[in-house]
Amino acid sequence: MEDLVRVKFDVWSTLMAFGVFQGVFLILIMLSYRKNSAVFFLMGLLLIVVLNLANYLLLSSYLFLEFPHLMYIATPLFFLQGPIYYWYIRSLLGKLKRKYAVWHLLPFLSAVLFMFPFYELSGIEKVAALEPFTSTGAVALPTATFVFMAVQIGHSFVYVFTANQLLRKERLSGNSRYKENKLRWINRFGYLFMGYWVLDFLVVTWFAVEGAIVKEALYLTMLVNALFVNVITFFAIRNNREFSQIMLKNEPEPYKNSQITKETSAKHLEELLKAIENEKLYLDAELSLNKLSERLQLSSHQLSQILNLELGKNFYEFVNEYRFKEAKHRLVLPENKHLTIQAIAFDAGFNNKNTFNKVFKKHTGLTPSQFIRQHQQKESPGLSS
């Protein structure tokens, strides 16, 4: 035992440590949101992933030599990932039952019993059991352990598949644009979680082929866990509003008690699109929500509701999209070469240069000047050589 490599931190260990820190930080941030079932379920999922990462960190850095009793303490929790994910999706869809069947917890309790013989070992015995990992990078895979892993993955996959089928059924039913956008974000999370389990399945298959738990496969699993945490953290930061409203149900669905029916809303939307396109109302730089609602004989609240629920946009997003298309068309017209970009933007209905540049960059990924140069190069490829 004396010749065992002591605690070390390489690239993989650093990656795991960063993932653990990032996951804990995100969980603490979520504690500041209004508490509801969705928040607790997502926190639970993240906590299990973080504990899994911490377990891999103990292995990759050889910290288990110093803290052997921390090894695999979270392993039984893997049998809770499937149920928690299923309940989380149901809570986001507003279909969560108030009572949960106790049988959902039976696999978790069985896992505790399965792991109990390892938990009873002394620290020295646990280190001895994991010693081959430090020397050869592999630990023997007993049949019972393989069956345990396979059952755990199959168990979770059933829940994930059932939840995603429920989500698919919800998307196929008629929904407002607001709900469609909500379902789109939830569906992306569903695909992410499904991919997480598919890769886990591949790793266990790798173990079965090798007949051992090999270091390379563990590194792949580490990477998947870290990626899962990173993607959720990136989404929470990049799309804070959607993360709060949709993934954490931090705000009630807008216009939930509205008196406007779906048929009436669709009819008004058709009238709105005809007016805005045929009469080019968006060219009016002074066009406002109140002005447009008066033109359509609607209240500003009703018009705002139609735009949000049917198109998933607010008034300025809706109008500026038309202005952007108009400006984009005019920028490349030969007869407008003598006009400045700002003049074309104002002619298209924008009344602020910064707003125009921001909207243009959002839709094209280019500044107006870059867009013009790119168009010129396509029209005259010889000039760019």
Side-chain angles (χ1 to χ4, degrees), residues 16 19-20 22-24 26-28 30-31 33 35-58 69-93 95-119 144-167 186 189-201 203-204 218 221-222 224-229 231-232 247-249:
M16 293 306 101
V20 171
Q22 196 174 47
V24 171
L26 184 56
I27 290 172
L28 293 176
M30 289 168 62
L31 287 174
Y33 286 90
K35 306 301 182 295
N36 57 55
S37 57
V39 173
F40 287 120
F41 287 142
L42 186 55
M43 286 173 57
L45 285 175
L46 278 173
L47 180 60
I48 294 174
V49 174
V50 167
L51 290 175
N52 196 22
L53 275 174
N55 184 74
Y56 291 137
L57 175 61
L58 290 174
H69 292 298
L70 293 181
M71 286 301 301
Y72 301 124
I73 59 173
T75 298
L77 292 176
F78 295 162
F79 281 89
L80 292 179
Q81 275 190 317
I84 291 176
Y85 173 79
Y86 176 71
W87 294 331
Y88 174 60
I89 295 298
R90 291 192 70 96
S91 70
L92 294 180
L93 297 179
K95 298 179 180 295
L96 184 66
K97 297 178 181 179
R98 294 185 178 181
K99 295 182 179 180
Y100 310 108
V102 178
W103 63 265
H104 288 290
L105 301 179
L106 292 180
F108 163 72
L109 297 176
S110 299
V112 173
L113 292 177
F114 179 83
M115 294 298 300
F116 195 73
F118 180 81
Y119 296 150
T145 302
F146 170 72
V147 172
F148 176 84
M149 290 179 170
V151 169
Q152 182 259 317
I153 291 178
H155 168 267
S156 297
F157 186 81
V158 169
Y159 280 97
V160 173
F161 180 79
T162 304
N164 288 352
Q165 284 296 102
L166 179 65
L167 184 57
I186 300 174
F189 180 80
Y191 284 130
L192 172 66
F193 208 74
M194 180 66 80
Y196 172 84
W197 280 112
V198 168
L199 285 173
D200 217 15
F201 167 78
V203 168
V204 172
L218 281 179
T221 309
M222 293 177 193
V224 172
N225 279 266
L227 182 63
F228 183 81
V229 174
V231 169
I232 294 180
M247 307 309 293
L248 298 180
K249 296 188 71 174

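If you read the sequence from its start, that first residue is 1, and numbering goes on from there.
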Rounded distance [0.5 Å steps], [atom1] in [X] versus [atom2] in [Y]:
X      : Y      : atom1 : atom2 : value
Ile84  : Leu77  : CD1   : CG    : 8.0 Å
Ser37  : Leu248 : OG    : CG    : 11.0 Å
Phe161 : Met194 : CZ    : CE    : 7.0 Å
Ile89  : Lys95  : CD1   : NZ    : 13.0 Å
Asn55  : Phe78  : CG    : CZ    : 6.5 Å

I want to check something: taking the side chain as every heavy atom from C-beta on, are [X] and [Y] in contact at a cut-off of under 4.5 Å?
X     : Y      : answer
Leu46 : Met30  : yes
Leu26 : Val229 : no
Thr75 : Phe118 : no
Leu92 : Leu167 : no

Distance-minimising heavy-atom pair for [X] and [Y]:
X      : Y      : answer
Met247 : Ala38  : O-CB, 4.1 Å
Ile73  : Leu70  : CG1-O, 3.4 Å
Val49  : Gln81  : CG2-NE2, 3.6 Å
Pro83  : His104 : CG-O, 4.2 Å

Are there over 12 heavy-atom neighbours, none belonging to Phe201, within less than 6.0 Å of that residue's CZ?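 No - once you tally the heavy atoms of other residues, nucleotides and ligands closer than 6.0 Å, there are 12 at most.
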
Exercise. Please walk me through it: do Leu105 and Leu80 pass side chain to side chain contact (heavy atoms under 4.5 Å, CB included)?
Worked result: CA-CA 7 Å; Leu105 301 179; Leu80 292 179; 3.8 Å; yes

- From Tyr159, Phe41, Phe189, residue fulfilling ring pair (Phe, Tyr, Trp, His ring centres under 6.0 Å) relative to Tyr88: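 Among Tyr159, Phe41, Phe189, the one that satisfies the ring pair (Phe, Tyr, Trp, His ring centres under 6.0 Å) with Tyr88 is Phe189.
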
ask   = For the rings on Phe148 and Phe79, is their centre-to-centre separation under 6.0 Å?
value =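 Between Phe148 and Phe79, the centre distance is under 6.0 Å.
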
Worksheet item: Donor-acceptor pair, Tyr119 side chain versus Tyr72 backbone, under 3.5 Å?
Response: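 It does hold such a pair.
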
Item to check | side chain to side chain contact (heavy atoms under 4.5 Å, CB included) between Met149 and Val203, intermediate numbers included | outcome: CA-CA 10 Å; Met149 290 179 170; Val203 168; over 6 Å; no

Item to complete: Output all residues satisfying side-chain contact (heavy atoms from CB on, under 4.5 Å) with Tyr191, sequence neighbours left out; order by chain, then residue number.
Response: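 Residues passing side-chain contact (heavy atoms from CB on, under 4.5 Å) with Tyr191: Asn187.
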
- Can you name the residues that form a side chain to side chain donor-acceptor pair (under 3.5 Å) with Asn164, not counting sequence neighbours?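 Residues passing side chain to side chain donor-acceptor pair (under 3.5 Å) with Asn164: Tyr85.
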
> Only one of Val112, Leu113, Leu109 forms a side-chain contact (heavy atoms from CB on, under 4.5 Å) with Pro76, so which one is it?
Replying inline: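 That would be Val112.
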
